[in-house]
Amino acid sequence: MTQISLSFPDGSVREYNSGITPSEVAKSIAKSLSKKAISATVNSQHWDLSWPISEDAKITLHTMKDDIQANELVRHDLAHIMARAVQEIWPETKVTIGPVIENGWYYDFDRDDPFSPEDLGLIETKMKSIINACDEVTTEVWDRSRALDYYRQTNEPYKVELVEAIPESEPIRMYWHGTWQDLCRGPHLQHTGQVPADAFKLMSIAGAFWRGDSNRAMLQRIYGVAFTSKDKLKAYLHMRDEAAKRDHRKIGREMNLYHMQAEAPGQVFWHPNGWTIYTTLQDYMRRKQRAGGYVEVNTPQVVERKLWEQSGHWEKYQEHMFIVEVEEEHAQEKAINALKPMNCPCHVEIFKHGLKSYRDLPFRIAEFGSCNRYEPSGALHGLMRVRGFTQDDAHIFVTEDQIEQECVRFIEFLTDVYNDLGFPTYTIRFADRPDIRVGNDDTWDRAEKALLDATKKITDNVELNQGDGAFYGPKLEFVLTDAIGRDWQCGTFQVDFVLPERLDASYIGADGARHRPIMLHRAALGSFERFIGILIEEHAGKLPFWLAPIQVVVASIISDTIDYVHETVEQLRRAGVRAEADIRNEKINFKVREHSVNKVPIILAIGMREVKDQTVTIRRLGAKQTRIQDRETVTRELSQEATPPDLCTHP
RNA sequence: GCUGCUGUAGCUCAGAGGUAGAGCACUCCCUUGGUAAGGGAGAGGUCGAGAGUUCAAUUCUCUCCAGCAGCACCA
């Protein structure tokens with residue numbers, strides 16, 4: 001028998017016979033450890049306690065206290081337990097796959113009758129009885145033909161396909177939870193009773209395509225969440241409730257920001273409050289862009305098909321464009337146009353107008369570009385995914401050796417903007433060449449290097465998004481993380497070798513000859529709609545003062561103060577503060593409650609005392625305390641506070 | 001687009017094969033009250049749209065539209 005040596009986290013090394021399992025290793029160290037161990041990490045691979053180790057390795061034994069491993073095992077075992085429960089209740093159901101995901105797992109099933117929400121309770125009960133049975137979990141490695149025969153015999157076509165897809169080099173491993181068998185990579189716990197029966201919950205049923213392919217069968221997916229303890233599950237469910245309260249669709253209604261209706265799906269009816277946020281944000285971006293060296297342009301909404309054919313969008317995105325057909329008076333055929341789904345081709349046309357010299361580069365044009373895309377109905381989601389939206393779009397025409405400097409410049413610009421808007425940290429994803437692409441490898445090499453070098457000048461915090469670049473060039477994606485940990489991709493910076501070529505854009509170089517510029521696409525916010533959605537959720541509706549649609553409500557306590565209230569509102573408005581009067585015949589308690597619910601940042605209460613002393617009583621949203629202060633001072637301070645961050649004279 | 005669920009007053013929701021109800025909001029009246037809901041009265045609905053079954057449909061069935069969750073998609 002060959003000997004192997006295992007080294008432990010504490011630095012110690014022990015000798016064992018080859019083929020020893022982590023379970024036996026644990027037993028050799030301490031009885032208590034062997035009881036508590038649930039899995040191991042062997043040479044940085046998560047390892048089942050029952051798998052043999054046949055070579056020298058680094059080993060770490062895990063217990064339920066190791067959250068990462070424990071969660072994975074609990075969730076993975078629950079996936080099997082759920083599949084078993086489903087097949088015990090409905091034996092005709094076919095099983096497919098059931099991976100662990102963030103916070104839980106899912107399992108995809110194929111059956112004629114879809115699951116109903118009531119079925120979830122049934123399944124949960126069955127799962128608990130499987131857990132209580134403490135059935136042993138066992139595993140074997142099978143050879144390919146045995147596995148295929150088995151799944152053909154048991155009439156599990158999806159499993160047959162899965163086995164066939166496993167590369168020859170990899171073992172085919174089976175697991176049993178009791179007598180219930182599933183193809184699985186592992187690892188797992190040792191018996192079903194190790195799964196905490198009170199720390200999981202089945203959440204929802206949804207359709208999902210087999211192998212993520214919309215041309216293949218639609219399966220029934222059940223989602224579950226699971227943790228290592230009941231308290232952790234409770235904490236998670238609580239967090240989820242909190243997230244739901246921040247939903248911009250709910251807050252948008254409550255704060256009367258916008259609405260949508262069936263006659264214009266995916267398009268926004270901005271109400272006065274919402275439009276105030278929108279225009280305030282747009283005014284801010286306009287100033288920033290001007291200061292950042294961009295010139296602003298505006299281009300047509302309805303553009304003839306021909307241009308989209310030239311740009312290549314017609315071929316690729318035709319079915320996602322709003323087509324506008326017009327019976328033109330003297331034309332032989334109908335004129336076919338499309339609402340612009342993007343601004344790039346129009347910007348190229350502006351660049352092309354009049355000869356450009358290399359001295360004109362970098363040529364930066366920006367547009368608050370209204371775009372319309374016929375997004376699939378199932379993709380629409382509040383302000384986050386709409387059919388009509390406005391991008392803070394810009395295109396920069398450059399020579400190849402200007403890419404890096406423009407990229408640095410943009411990242412600085414974007415950092416500044418995100419900072420002002422309350423997102424001091426963000427992550428950058430670098431998406432490099434996809435398999436299907438245009439342009440030669442030399443060009444890609446240089447473009448990718450330029451982007452990476454530029455990014456690294458500013459931050460080391462870059463994630464690689466391999467192969468996810470556009471077919472026309474590499475890109476950077478700027479991702480914000482909101483207050484409850486969700487990621488939102490907003491900004492983008494893309495290098496494009498293709499469009500200038502397709503639309504035949506050129507400039508005159510120092511050598512007097514025509515050259516092809518490279519086009520950089522970039523946006524900081526992405527779309528105003530989406531960004532406002534993110535702002536609302538990030539702040540739970542309590543926007544920074546300068547963005548709040550109504551900044552101040554001046555509320556009368558008794559009707560004798562109405563003139564003073566109006567006067568105060570006028571004074572605030574003259575000072576650039578968005579103020580409203582509330583002189584309704586209601587108690588001050590009522591008014592405070594209502595405006596607080598509506599998230600108005602400041603309430604100024606006016607009674608006879610204030611009128612007599614020329615003061616106001618100021619109350620900030622969320623504060624219990626109020627404070628009486630001279631009216632002129634308050635006006636001055638609020639005016640200061642209402643100033644957008646880029647116009648503030650003091651830090 | 002696909003699977004499932006949902007659609008009743010401005011909002012949140014209840015209801016039943018015999019053409020509708022609550023709370024909040026709204027209007028009016030009383031109340032002039034000092035920091036998170038004062039009291040009373042009133043008005044408001046082709047029950048998402050269309051078709052079918054039925055003596056009778058908002059309720060059952062089908063089709064469509066929209067929304068929600070997820071999948072697929074996102075230039």
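Every heavy atom of this structure was used, including side-chain atoms; hydrogens, water molecules and symmetry mates were not. Each chain gets a letter, A, B and so on, in the order its sequence line appears, and its residues count up from 1. Everything numeric here is computed off the predicted structure, so don't read it as measured data.
- The base-pairing partner of B/rC73, taking Watson-Crick or G-U wobble contacts with both distances under 3.5 Å, does not exist among the strands shown.
- Going from atom OH of A/Y374 over to atom C1' of B/rC73 covers 13 Å, rounded to whole Å.
- When distances run from any side-chain atom of A/M218 to the nucleotides B/rC26, B/rC2, B/rA66, the shortest one goes to B/rC2.
- Of the C1' atoms belonging to B/rU54 and B/rG17, the separation is 9 Å, rounded to the nearest Å.
- Of all nucleotides present, none satisfies the Watson-Crick or G-U wobble test against B/rA14 with each distance under 3.5 Å.
- Look at B/rU58: it lacks any Watson-Crick or wobble partner with both distances under 3.5 angstrom.
- Shown here, B/rU35 forms no base pair; nothing in the strands shown gives a Watson-Crick or G-U wobble contact with both key distances under 3.5 Å.
- In this structure, the CD atom of A/Q489 is 10 Å from the C1' atom of B/rC74, given to the nearest Å.
- Proximity of A/R387 to the phosphate of B/rC74: no side-chain N or O atom is located under 4.0 Å from OP1 or OP2.
- Residue A/Q310 contributes atom CD, which lies 17 Å from atom C1' of B/rA75 at whole-angstrom precision.
- Distances from the side chain of A/I557 to the nucleotides B/rG34, B/rA75, B/rC2 place B/rG34 closest.
- Atom CG of A/D582 and atom C1' of B/rU35 are 13 Å apart (whole Å).
- Remark: the separation of the P atoms in B/rC13 and B/rU6 is 14 Å, to the nearest Å.
- Between A/F227 and A/Y236, a ring centre-to-centre spacing shorter than 6.0 Å is recorded.
- In this structure, A/Y472 has its ring center closer than 6.0 angstrom to the ring center of A/H521.
- The pairing partner recorded for B/rG44 is none, the criterion being a Watson-Crick or G-U wobble arrangement whose two distances lie under 3.5 angstrom.
- Nucleotides B/rG1 and B/rU58 have their P atoms positioned 27 Å apart, rounded to a whole Å.
- Taking every side-chain heavy atom of A/V592 into account, B/rA36 is the closest of B/rA72, B/rA36, B/rG4.
- Phosphate contact (OP1/OP2 of B/rA69, side-chain N/O of A/H381, threshold under 4.0 Å): present.
- Pairing for B/rU6 goes to B/rA66, judged as Watson-Crick or G-U wobble with the two contacts each under 3.5 Å.
- The aromatic ring centroids of A/W90 and A/F115 lie less than 6.0 Å from each other.
- A tilted orientation is assigned to the rings of A/F363 and A/F397, their planes being inclined by 30° to 60°.
- Atom CZ of A/R502 is separated from atom C1' of B/rA75 by 12 Å (rounded to the nearest Å).
- Remark: C1' of B/rG10 and CE of A/M260 are 18 Å apart, rounded to the nearest angstrom.
- Distances were taken from every side-chain heavy atom of A/L380 (C-beta onward) to each of B/rC71, B/rA36, B/rG67; the shortest belongs to B/rG67.
- For A/Q494, whose side chain is taken as the heavy atoms from C-beta onward, the closest listed nucleotide among B/rA36, B/rA75, B/rG34 is B/rA75.
- Closest to the side chain of A/K587, out of B/rC74, B/rG70, B/rG33, is B/rG33.
- Under the 3.5 Å distance criterion, with hydrogens and angles disregarded, a donor-acceptor pair is assigned to the side chains of A/N343 and A/Q391.
- Stacking here means ring centres nearer than 5.5 Å and ring planes tilted less than 30 degrees, and by that measure A/F115 does not stack onto B/rG4.
- No donor-acceptor contact under 3.5 Å links the side chain of A/S116 to the base of B/rG4.
- In the interface, the side chain of A/R221 is not paired with the base of B/rA69 through any donor and acceptor atom under 3.5 Å apart.
- In this structure, of B/rA75, B/rU32, B/rG4, it is B/rA75 that holds the atom nearest to the side chain of A/H320.
- The base of B/rG1 does not come close enough to the side chain of A/E375 for any donor and acceptor atom to sit less than 3.5 Å apart.
- In the set B/rA37, B/rG70, B/rG33, B/rA37 carries the atom at the smallest distance from any side-chain atom of A/F590.
- Side-chain nitrogen and oxygen atoms of A/R253 include at least one within less than 4.0 Å of the OP1 or OP2 phosphate oxygen of B/rU12.
- When both distances must be under 3.5 Å, the Watson-Crick or G-U wobble mate of B/rA20 does not exist.
- Going from atom CZ of A/R609 over to atom C1' of B/rU32 covers 15 Å, rounded to whole Å.
- Checked by atom type, the side-chain pair A/N273/A/T276 shows no donor-acceptor distance below 3.5 Å.
- Put simply, A/R249 has no side-chain N or O that comes within less than 4.0 Å of OP1 or OP2 on B/rC11.
- The C1' atoms of B/rG39 and B/rU61 are separated by 50 Å, rounded to the nearest whole Å.
- In this pair, A/Y278 and A/W270 present their aromatic rings perpendicular. The plane angle is above 60°, beyond the 30 to 60° band.
- Distance from the side chain of A/P265 is smallest for B/rG67 among the nucleotides B/rG67, B/rA75, B/rA37.
- Between B/rC71 and A/Y223, a contact under 4.0 Å exists linking OP1 or OP2 to a side-chain N or O.
- For the C1' atoms, the distance from B/rC26 to B/rG67 is 26 Å, rounded to whole Å.
- In this model, a side-chain donor or acceptor of A/R385 finds a partner on the base of B/rC74 within 3.5 Å.
- Residue order along RNA chain B, read from the 5' end via each residue's closest nucleotide, puts A/T626 first among A/M321 and A/T626.
- No side-chain donor-acceptor contact under 3.5 Å links A/Q318 and A/H320.
- Side-chain polar atoms of A/W210 and A/E161 form a donor-acceptor pair below 3.5 angstrom.
- Nearest-nucleotide positions on RNA chain B place A/S377 closer to the 5' end than the other of A/P341 and A/S377.
- Across the P atoms, B/rA9 and B/rA20 are found 14 Å apart, a figure rounded to whole Å.
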